[in-house]
Amino acid sequence: TAEEIDAETQAAADCHEQAKNSYIDNLQFQTKVASQATIAAVSHHEKAATAIKNYVKLYRAAVDETPVSPAEVSRKWADCNQAKEIRNAAVQAAIQPYEDAEKAILALKETINDAQRDFPELTEEIIAAEGFHGDMRTALAAALFETQQKFTEEKVVENYGKMVEEQRN
């Protein structure tokens, strides 16, 4: 009968609307999870970059040839060694948050792809999620790049320190 067909059509429309709303909720949830993971990873990488920078500064000071007392030389190297330990801990602490952020960003991208495939009419939500995805990828890459730059600076300074030490001997 026509009433049964109308009821089935309405039920299908309601089911479609529920599924669409579920995709919207999932896009928002995955965006939130990826955002939180990215913020944590960026923060840890900033701390690692700062720790590396501080270590490099103290290493330079310890290598410095300015005449100082043996006690001062000893203090400089003790400070440098302590900074190296802090640097190592900060670098280690940045690894897992970075991996978590990568996984969360990938999960967001998969959710976006699913939404595009199953509900292309969610254009506004998909575009917003794509924008957040791109921003998070950029922030994560920038944080990693900054840390890698500090590693490079560290290697250059350590090599310089080795050359200075060889010249002294």
Side-chain angles (χ1 to χ4, degrees), residues 1-60 80-159:
T1 68
E3 291 174 352
E4 290 174 337
I5 293 172
D6 287 345
E8 287 178 19
T9 302
Q10 185 59 46
D14 290 348
C15 184
H16 179 79
E17 192 64 27
Q18 285 177 338
K20 186 169 89 171
N21 288 336
S22 176
Y23 268 87
I24 292 170
D25 291 345
N26 198 21
L27 277 170
Q28 291 171 344
F29 175 75
Q30 292 297 339
T31 299
K32 181 179 178 183
V33 168
S35 176
Q36 290 171 340
T38 301
I39 289 168
V42 168
S43 174
H44 278 85
H45 270 275
E46 287 172 349
K47 289 175 186 172
T50 299
I52 294 167
K53 181 180 176 182
N54 187 49
Y55 164 68
V56 167
K57 180 180 110 185
L58 292 172
Y59 186 87
R60 280 183 181 149
C80 180
N81 291 333
Q82 183 180 15
K84 179 84 174 201
E85 289 176 19
I86 293 168
R87 168 240 182 257
N88 291 344
V91 168
Q92 280 297 87
I95 293 171
Q96 190 61 50
Y98 182 84
E99 291 173 357
D100 292 346
E102 287 253 298
K103 288 177 189 171
I105 290 170
L106 179 60
L108 173 60
K109 184 61 178 168
E110 290 171 355
T111 302
I112 291 168
N113 291 342
D114 291 345
Q116 287 173 327
R117 181 192 65 233
D118 297 338
F119 292 96
E121 68 267 23
L122 294 176
T123 307
E124 188 176 310
E125 291 85 355
I126 291 169
I127 289 172
E130 282 282 10
F132 289 128
H133 175 264
D135 292 347
M136 287 182 252
R137 273 241 151 292
T138 300
L140 199 56
L144 182 61
F145 181 73
E146 175 69 20
T147 304
Q148 289 172 335
Q149 280 186 311
K150 296 300 177 196
F151 278 133
T152 300
E153 182 181 344
E154 175 186 60
K155 292 299 173 207
V156 168
V157 170
E158 285 180 338
N159 287 338

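When atom types are taken as modelled, the side chain of Ser35 and the backbone of Thr31 share no donor-acceptor pair closer than 3.5 angstrom. Remark: side-chain polar atoms of His133 are not paired, donor with acceptor, to backbone N or O of Ala129 under 3.5 angstrom. Looking at Ser43, its side chain never comes within 3.5 Å of a backbone N or O of Ile39 through a donor-acceptor pair.
Listed by chain and residue number, Glu17 satisfy the salt bridge (Lys or Arg N to Asp or Glu O under 4.0 Å) test with Lys20 (two or more places apart in sequence, or in another chain). Checked against ring-ring contact (aromatic ring centres under 6.0 Å, His included), Tyr23 has the following partners two or more places apart in sequence or in another chain: Phe119. With sequence neighbours left out, Tyr55 forms a ring-ring contact (aromatic ring centres under 6.0 Å, His included) with Tyr59. The side chain to side chain donor-acceptor pair (under 3.5 Å) search around Gln18 returns none, not counting sequence neighbours. Taking Lys53 as the reference, nothing meets the salt bridge (Lys or Arg N to Asp or Glu O under 4.0 Å) condition, with sequence neighbours excluded. A search for side chain to side chain donor-acceptor pair (under 3.5 Å) contacts involving Thr147 returns His45, not counting sequence neighbours. Listed by chain and residue number, nothing satisfies the salt bridge (Lys or Arg N to Asp or Glu O under 4.0 Å) test with Glu125 (two or more places apart in sequence, or in another chain). Judged as a side chain to side chain donor-acceptor pair (under 3.5 Å), and not counting sequence neighbours, the contacts of Asp114 are Arg117.
Nearest heavy atoms, Ala93 versus Pro97: O-CD, 3.0 Å. Ala90 and Ala51 make their closest contact through CB-CB, 3.9 Å (heavy atoms, listed as atom of the first residue, atom of the second, distance).
Within the structure, salt bridge (charged side-chain N to carboxylate O under 4.0 Å, His left out) pairs that include any residue of residues 24-50 do not occur (at least two apart or interchain). Sorted by first and then second residue, the salt bridge (charged side-chain N to carboxylate O under 4.0 Å, His left out) pairs with a member in residues 94-107 read Glu102-Arg137; sequence neighbours excluded. Within the structure, side chain to side chain donor-acceptor pair (under 3.5 Å) contacts touching residues 81-94 (residues at least two apart or in different chains) are Lys84-Glu158, Arg87-Glu154. Within the structure, salt bridge (charged side-chain N to carboxylate O under 4.0 Å, His left out) pairs that include any residue of residues 138-151 comprise Glu146-Lys150, Lys150-Glu153 (at least two apart or interchain).
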Practice task
Let me see the working for Ile105 and Leu140 under side-chain contact (heavy atoms from CB on, under 4.5 Å), right down to the final yes or no.
Solution key: CA-CA 10 Å; Ile105 290 170; Leu140 199 56; 3.8 Å; yes
Exercise for the section: Starting from the C-alpha separation in whole Å, work towards a yes-or-no answer on side-chain contact (heavy atoms from CB on, under 4.5 Å) for Asn113 and Gln116. Expected result: CA-CA 5 Å; Asn113 291 342; Gln116 287 173 327; 3.5 Å; yes
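Counted within 6.0 Å of CD on Glu3, heavy atoms from surrounding residues, nucleotides or ligands total 12 or fewer; the atom is thus considered open. Within 6.0 Å of OH on Tyr98 lie more than 12 heavy atoms contributed by other residues, nucleotides or ligands.
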